[in-house]
2 protein chains.
Amino acid sequence: MDASPETLEKPAANKERLRLWIRLLRAARVVEGELRERLKREFDTTLPRFDVMSALYRQPEGMLMSDLSRFLLVSNGNVTGIVDRLVTDGFVVRANRDGDRRTSIARLTEAGSARFAAMAEAHEIWIAELLGEVSEEDARRLSVMLKAFRSNWENEH
Amino acid sequence: MDASPETLEKPAANKERLRLWIRLLRAARVVEGELRERLKREFDTTLPRFDVMSALYRQPEGMLMSDLSRFLLVSNGNVTGIVDRLVTDGFVVRANRDGDRRTSIARLTEAGSARFAAMAEAHEIWIAELLGEVSEEDARRLSVMLKAFRSNWENEH
DNA sequence: GCCTAAAATTTCAAGGTTGAAATATTTTGC
DNA sequence: GCAAAATATTTCAACCTTGAAATTTTAGGC
């Protein structure tokens, strides 16, 4: 992909975008680190496990491994390992869909669903705490900007 | 830490913060994934190596391992491994500071400095491209909000 | 001058992550 | 029907990451 005209014409804008990216990344890392620590301490689990359970919770009938990896923006091989461990823990089960023996549908067990519900409740409070300095209005504005940015970019690729 | 009054009083604000966090995380992941791919393809390196070199580039006299890990928001043991590999590649050297044989100062070699300069140039263009949909003004506003949020939060902990 | 505490780093096990190769299965073209 | 292409997933090596334990060295208290 070539640089857009604006990319070449406005170096000041690009410096500003670079600064934005650095701050966005640092903010994400601070929050992620804190969440990781709390998930470990309070629920003896990890952020990737939480993410997978979160995705499955919204789809009680289950998700294909490939849907899971696409939704979570991680590789196929990665999901395999995380789901394996969740199965070992008894939070997820695998099944086949239709007569297709290639596919594997993962879904939460009763225990997994109950566990996730408890984690989600805590998670929401933690985020409220960690982003407490962001006013409701700022949160809304930031959120809209980020949504626009990401969907624009993804549609091109 | 107890939840702030606002945390309890405004559930709508908390939902908005949760939405913000999810979008922030996804945006960061999309950009990070793209950067990782390009660093691999164009420079045969990784994002963590880039981060370490970036930090060292700004401090030509070098940095302590502990300063490096604090600055990059990663663990001590993590930095050890990444620096090890950069040393193997000839991009970084270690030295001792003063007479203190506990400390280890890492700094870029000539080759490391030259390599980072080339990567930084490409990196800035990539960010301009990936965040191209964000106007200069939006970038500035977002950036200010993120800075305020992170520094407020960090000061308390 | 010792002994203990503190400080800086490394080591290590467990898990997360990617990208590529391998495996297994289904679909398609003929 | 069958060979080849396409699809879904797993496996694997290399690297990243954490948090805790171990190591090495220095600083402080006495």
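Computed from a predicted structure; not experimentally measured.
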Practice task
Respond yes when some side-chain nitrogen or oxygen of Thr46(B) is under 4.0 Å from OP1 or OP2 of dC16(D), and no when none is.
Solution key: yes

Practice task
Using a 4.0 Å heavy-atom cut-off, write out nucleotides 17-26 of chain D from 5' to 3' as B (base contacted by protein), S (sugar-phosphate only) or - (no contact).
Solution key: SBS-----BS

Handout entry: Close side-chain approach of Leu142(B) to Met145(B), heavy-atom, < 4.5 Å
Key = no

Exercise for the section: May I ask you to check whether Phe116(A) and Phe50(A) place their ring centres under 6.0 Å from each other? Expected result: yes

Exercise for the section: State, yes or no, whether a side-chain contact exists between Met53(A) and Arg115(A) at a heavy-atom distance under 4.5 Å. Expected result: yes

Practice task
Assign Arg49(A) to base, sugar-phosphate, or nothing according to its heavy-atom contacts below 4.0 angstrom with the strands shown.
Solution key: sugar-phosphate

Problem - Nucleotide dA14(C), atom P - distance to CG of Asp44(A) in whole Å - result: 14 Å

Handout entry: Residue list, side-chain contact (heavy atoms from CB on, under 4.5 Å) with Leu35(A), at least two apart or on another chain
Key = Val31(A), Leu47(A), His123(A), Trp126(A), Ile127(A), Leu130(A), Trp21(B)

Problem - Cationic tip of Arg107(A) above Phe91(A) ring, under 6.0 Å, 45° of axis - result: no

Exercise for the section: Measure from the side-chain N and O atoms of Arg23(B) to the backbone N and O of Leu146(A), and report whether any donor-acceptor pair falls under 3.5 Å. Expected result: no

Problem - Donor-acceptor pair between Thr103(A) and Arg97(A) side chains, under 3.5 angstrom - result: no

Handout entry: Arg19(A) bridged to Glu16(A) by N-O distance under 4.0 Å
Key = yes

Practice task
For Arg94(B), report the nucleic acid contact type (base, sugar-phosphate, nothing); a contact means any heavy atom under 4.0 Å.
Solution key: sugar-phosphate

Fill in the blank from the handout: Residues in residues 62-72 of chain B with a heavy atom under 4.0 Å of DNA chain C, by number, are Leu64(B), Met65(B), Ser66(B)

